[in-house]
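First comes the structure, then the notes that go with it.
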Amino acid sequence: MNQARNAAIVGLYEWPKRVDPDVSAMEIKALSIHRALEDAGLKWSDVDGLYDANDGEGGGGLGLAPYLGLHPRVIDTTSVGGTSYEFQVAHALRDIAAGRVNVAVLSYGSKAASQRIPIGTGGPRGAGNWQANMENPYGSTLISNYAMVAMRHMHEYGTKSEQLAEIAVTTRAHAMRNPQAVQAMQDLQFMNIREITVADVMESRVIADPLHLLECCMVSDGGGALVLASPEIARGTKKKPVWVIGSGEAIQYKRNGGDITTSAAAQSGPRAFAEAGVAPSEIDIAMIYDSFTITVAVMLEDLGFCKKGEVGDFVTGQNLRWDRPGLTLNTDGGGLSSNHPGMRGLFLLLEATRQLRGESTSQVAGAKLAVAHGNGGMLGSTHAGGTVILAAD
Amino acid sequence: MPNRPQPMFPEHDTQAFWDAAKTSQLTYQVCKDCSTVVFSPRAHCTDCGSENLDRRVSKGAGTVYTYSVVRQNRVPAFAEMGAYAVAYVDLDEGFRMLTNIVGVGDPTKDVHIGQRVQVEFEAQDSGEYPIPVFRPV
Ligand SMILES: [Zn+2]
């Protein structure tokens with residue numbers, strides 16, 4: 001195995017509340033950074049690399065550095081939607097390995113629930129640009145964009161709604177073990193806060209054929225922060241470091257004659273696994289962006305956990321639960337049942353790290369290797385895929 | 001008449017496409033240097049970068065590549081349409097476009113992948129540009 005140890009995750013914090021009228025998005029970011037640095041045993045002034053996704057109140061690094069009161073040496077404002085954080089970890093790994101950064105921080109803050117932002121069923125995005133002018137007249141919502149991928153996947157491979165539903169059943173089982181996720185569902189007034197069945201998913205109303213309500217992520221407030229450091233610093237932090245051993249970035253988009261059932265993960269995944277020197281079959285924990293069930297399904301295939309077209313059988317029978325042997329999926333409850341403030345990529349990294357530290361509420365005994373794969377933008381058209389592979393110390 | 005959101009201008013890449021729509025023409029581009037079909041409209045070839053593109057008029061016949069039926073949209077113009085089908089249609093000339101499938105009784109039952117469809121231009125209350133949509137043939 002290759003597994004170079006060039007940079008490690010040494011601190012993390014996840015904002016516990018999913019509906020929080022008492023803070024701003026910028027406060028979520030700053031307070032999360034402070035608490036993640038405490039988790040690592042590092043100081044505010046140790047930060048010399050700032051990575052920002054243009055969230056909070058916007059402005060990217062130019063907005064966040066003055067708010068925090070920092071003068072970082074590296075300012076990275078990579079903003080590729082929900083997987084901005086996997087891209088930023090890739091960049092932090094590169095910057096730390098090159099000696100330009102010693103302590104890197106990533107942060108996220110969003111008030112999507114409190115501000116009632118209609119992410120999935122909202123109106124046209126943007127106006128008067130080359131894409132918006134060709135899309136806005138047709139009323140394709142974010143959910144229908146993903147649903148078109150599901151429809152084609154079903155057509156080509158015989159995948160069934162009942163099989164996609166298994167993914168939502170697994171993540172809900174994990175959510176019920178996570179007190180913050182249970183609180184989230186209460187605060188967001190979910191019906192039937194309990195473990196769910198395939199029948200529950202199938203009986204929930206269709207939002208955009210073939211996707212049902214319980215196959216769609218929630219819209220919550222939230223955020224958090226992640227601290228990465230060089231090997232020299234990681235040796236002296238409070239908790240065992242979790243090593244970043246591979247990363248991959250890619251973009252995919254609508255192409256004439258293209259295959260909509262294959263995502264950017266088919267490019268970013270192999271890059272990350274090659275850099276890490278590990279195979280998908282060696283991975284214990286898969287934290288995969290579950291904006292919708294179909295997102296997970298396509299990415300399980302594209303990352304190589306099963307063959308293209310075979311994910312229906314792969315997820316059937318609740319094989320990906322934390323208490324079953326083999327690969328385990330989204331142990332925090334995911335975007336489907338724990339939190340989704342708009343860009344979930346940070347939480348994938350937080351929970352993957354907790355698993356490799358032994359801190360998850362659905363802890364997999366002896367978890368050694370995890371993959372975090374995020375998706376930004378629209379799976380059925382333009383989207384970014386970021387893959388990060390993590391190893392326990 | 002429908003009240004869909006209109007394209008907004010000035011916008012250089014898509015202006016000619018929408019001007020052609022006013023005369024019921026569905027246009028696409030072909031690279032004069034490498035023959036790549038280019039769509040959505042833009043000023044360069046996506047395969048070789050050439051600025052030498054030929055604008056052509058499609059026959060408007062195509063096949064549904066995939067679709068979904070939107071049951072919930074908060075935008076008033078779409079909310080008042082009830083359930084409607086969004087789709088990618090592969091035109092016979094080799095380009096794929098986002099569109100709607102219209103003229104079916106129940107879009108949840110009457111739209112299918114592989115269905116043959118033909119373009120039509122739907123006049124709008126919301127502005128001067130008719131919107132190209134597709135109807136099963
Ligand atoms: Zn060309």
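In what follows, every chain begins at residue 1, and chains take the letters A, B, ... in the order their sequences are listed.
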Winner by heavy-atom pair count (cut-off under 4.5 Å) against chain B, out of A:P210, A:P137, A:A150: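 The candidate making the most pairs under 4.5 Å is A:P137.
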
Residue, of B:H12, B:Q124, B:R42, that accumulates the most heavy atom pairs under 4.5 Å with chain A: B:R42

Contact origin within [X] toward chain A - heavy atom pairs under 4.5 Å:
X     : result
B:T99 : both
B:P10 : backbone
B:Y65 : both
B:Y88 : both
B:M81 : neither
B:A87 : backbone

Backbone N/O of A:G334 and side chain of A:S337: donor-acceptor pair under 3.5 Å: no

Pi-cation contact, B:F39 with B:R96 (under 6.0 Å, within 45°):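 No, a cation-pi geometry is absent between B:R96 and B:F39.
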
Would you say [Y] and [X] are linked by a side-chain donor-acceptor pair, where the criterion is simply a distance under 3.5 Å?
X      : Y      : result
A:D259 : A:T261 : yes
B:H112 : B:Q115 : no
A:T316 : A:D313 : no
B:N100 : B:R4   : yes

Heavy atoms from other residues, nucleotides or ligands near NZ of A:K307 exceed 12 (cutoff 6.0 Å): no

Nearest non-hydrogen partners of A:S263 and A:L379, listed with the distance: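 In terms of heavy atoms, the two residues are closest at CB-CD1, 3.7 Å.
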
Atom group of A:R205 that falls short of 4.5 Å from chain B, counting heavy atoms: side chain

Test log, rule salt bridge (charged side-chain N to carboxylate O under 4.0 Å, His left out), inputs B:E128 and B:K22: CA-CA 8 Å; B:E128 60 185 317; B:K22 283 196 201 174; 2.7 Å; yes

Mutual orientation of the aromatic rings belonging to B:Y129 and B:F9 [parallel < 30°, tilted 30-60°, perpendicular > 60°]: tilted

Chain A-proximal positions within residues 57-64 of chain B [heavy-atom distance under 4.5 Å]: none

